[in-house]
Structures are given as C-alpha cells and as structure tokens.
Amino acid sequence: LPDWAMVTPKRLAHIARVVALLERWSREMALPVDEHQAWLDAGRWHDALRDAPEDMLRRATGDSASPVGLLHGPAAADRLARDGESRAAVLSAVRWHTVGQAEWTRVGRALYMADFLEPGRTFMQADRAYLADRVATAFEDTFRQVVRLRLEWTLREGKTLHAPTVALWNQV
C-alpha cells in the first residue's frame, strides 16, 4: 500500500483477499503481464483510503453531498494520479469500484467482482464462492450476475441507485 493509505487491520485483510482472488483469476485466464499487474495494483489500492476520516475525504474530493462510503475510491484515484499513476483503467477501477462504471475495461470489472466475491464477507457464501469459481471461464456472464446481485441488494435495502450503477446495468 502507498504510505498515505489509511486502513485498519480488518481492511488490510479484506484487501489481501481481494488481491488473492485477482491473482488467481489472472493466472487462470493467463492474462498478459501488464494486465495482470493492473489487476493486482487496482486490488491493492481500491480501499487505500477506506478508513480515512470523512472530513479528509470530503476535502480530497471536493464532494460535500455524496454518502461518505462513496468517497474513498475517488479520493484514492485522485491521490494515485497526483503520485504519477497514469493507467486510466486502474484509476477508473479504483475510482468507481463502489458503484460501478459502464466504460470499464476488464480491470474495473475484475475489481468490482473481487470486492464483492472475496470470501471474508459473511453473506451468500456458497453463491459467492460459486461465482468466484466461474470468473476465469465465464468472465462476462459472471460479471453480469454480480452486477445484478449488487443491484438487487441495493433495491432490497432501500438504498439509492447511483447514475453510474444504472448506466453499468444498462450496458451489461
């Protein structure tokens, strides 16, 4: 993690599980070295500011209206870019990993799935494990299922559907 990361030990364990899934899928899919590295970097950095204080996240993003849980991705992506990260796919994956983004390459899609499917989460364990096992052989179909499950949960919980999430659903 970068030296500016703000993560608890619990969050660090989550990041490690996300990276482990991305590593496994990348290896199983025999990705080119540069894409493999992009997947791992996006996984390492996606929650680098997840445990940062709200006031810091709001200052970093200039966003005073969005729910605080949506700010860590944009704040981390902006910081990575300032530090010299130039891979658009990695920055987009980190920025939008919480809500999704219709224009993602496989980097963003893989991170979105790994963040949801990582085995440390306690809900729908058997279903999520099944989907995690399918990513390498049915990437796009599994991605669509993950988007659907996340949308269903959002609606069931009465949460707000954000415009990027709706655009992603309409695209898949």
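- Here the shortest heavy-atom pairing between A42 and V107 reads CB-CG1, 3.9 Å.
- Nearest heavy-atom pair, P2 versus W45, reported as atom, atom and distance to 0.1 Å: CD-CD1, 3.7 Å.
- The main-chain N or O of H36 is never found under 3.5 Å from a side-chain atom of R27 such that the two would form a donor-acceptor pair.
- We find the CG-CG distance between L151 and L161 to be 5.5 Å, quoted to the nearest 0.5 Å.
- Hydrophobic cluster membership differs between V33 and L22, with clusters built from Ile, Leu, Val, Met, Phe, Trp and Tyr side chains linked at under 4.5 angstrom.
- When the salt bridge (Lys or Arg N to Asp or Glu O under 4.0 Å) test is applied to E35, the partners found at least two apart in sequence or on another chain are R106.
- Taking the salt bridge (Lys or Arg N to Asp or Glu O under 4.0 Å) definition, one finds that D51 meets it with R11, sequence neighbours left out.
- Between M56 and M6 the shortest side-chain heavy-atom distance falls below 4.5 Å.
- Within the 4.5 Å cutoff, no side-chain heavy atoms of M113 are placed close to those of L131.
- In this structure, R144 does not pair ionically with D141, as no charged nitrogen and carboxylate oxygen lie closer than 4.0 Å.
- A donor-acceptor pair is defined here as one N or O able to donate and one able to accept, closer than 3.5 Å; such a pair exists between the side chain of T61 and the backbone of L57.
- Scored by the side-chain hydrogen bond (donor to acceptor under 3.5 Å, both in side chains) test, R59 finds D55 as partners (sequence neighbours excluded).
- Residues that satisfy the salt bridge (Lys or Arg N to Asp or Glu O under 4.0 Å) test with R128, not counting sequence neighbours, are absent from this structure.
- In this structure, S92 and Q101 approach most closely via the heavy-atom pair OG-OE1, 3.5 Å.
- Screening residues 65-112 for ring pair (Phe, Tyr, Trp, His ring centres under 6.0 Å) gives H46-H97, H72-H97, W104-Y112, Y112-F143 as the qualifying pairs, with residues at least two apart or on separate chains.
- A distance-only check finds a donor-acceptor pair linking the side chain of R24 to the backbone of A132 [under 3.5 Å].
- Pairing each heavy atom of L71 with each of S66, the nearest pair is CD2-CB, 4.0 Å.
- With hydrogens and angles disregarded, a donor-acceptor distance shorter than 3.5 Å links the side chain of R58 to the backbone of D63.
- In this structure, E23 CD and L31 CG are separated by 10.0 Å, a value rounded to the nearest 0.5 Å.
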- Evaluation steps, side chain to side chain contact (heavy atoms under 4.5 Å, CB included), between L117 and V135: CA-CA 10 Å; L117 298 175; V135 169; 4.2 Å; yes
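- With rounding to the nearest 0.5 Å, the separation of OG1 in T154 from NE2 in H162 is 8.0 Å.
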- Could you please spell out the steps behind the side chain to side chain contact (heavy atoms under 4.5 Å, CB included) verdict for M29 and W39? CA-CA 12 Å; M29 294 170 69; W39 283 30; 3.7 Å; yes
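- In this structure, the separation between CG on D133 and OG1 on T142 is 10.0 Å, given to the nearest 0.5 Å.
- Between R87 and D34, none of the side-chain N atoms (NZ, or NE/NH1/NH2) sits under 4.0 Å from a carboxylate O, so this pair counts as no salt bridge.
- The hydrophobic clustering, which links ILVMFWY residues whose side-chain heavy atoms are closer than 4.5 Å, places W153 and V146 apart.
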- Message: For M124 and L149: C-alpha separation, side-chain torsions, deciding distance, then whether side chain to side chain contact (heavy atoms under 4.5 Å, CB included) applies.
- Response: CA-CA 10 Å; M124 296 174 50; L149 287 170; 3.8 Å; yes
Please report, to 0.1 Å, the donor-acceptor pairs under 3.5 Å made by any side chain of residues 163-172, with sequence neighbours excluded.
residue, atom, partner, partner atom, Å
T165, OG1, V99, O, 2.7
N170, ND2, V166, O, 3.4
Q171, OE1, R109, NH2, 2.6

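- Nearest heavy-atom pair across Q125 and P119 is NE2-O, 4.4 Å.
- Listed for the R121 side chain is a donor-acceptor partner under 3.5 Å among the backbone atoms of D115.
- Pairing each heavy atom of W25 with each of A110, the nearest pair is CZ3-O, 3.6 Å.
- The backbone N or O of G120 lies less than 3.5 Å from a partner atom in the side chain of E118, making a donor-acceptor pair.
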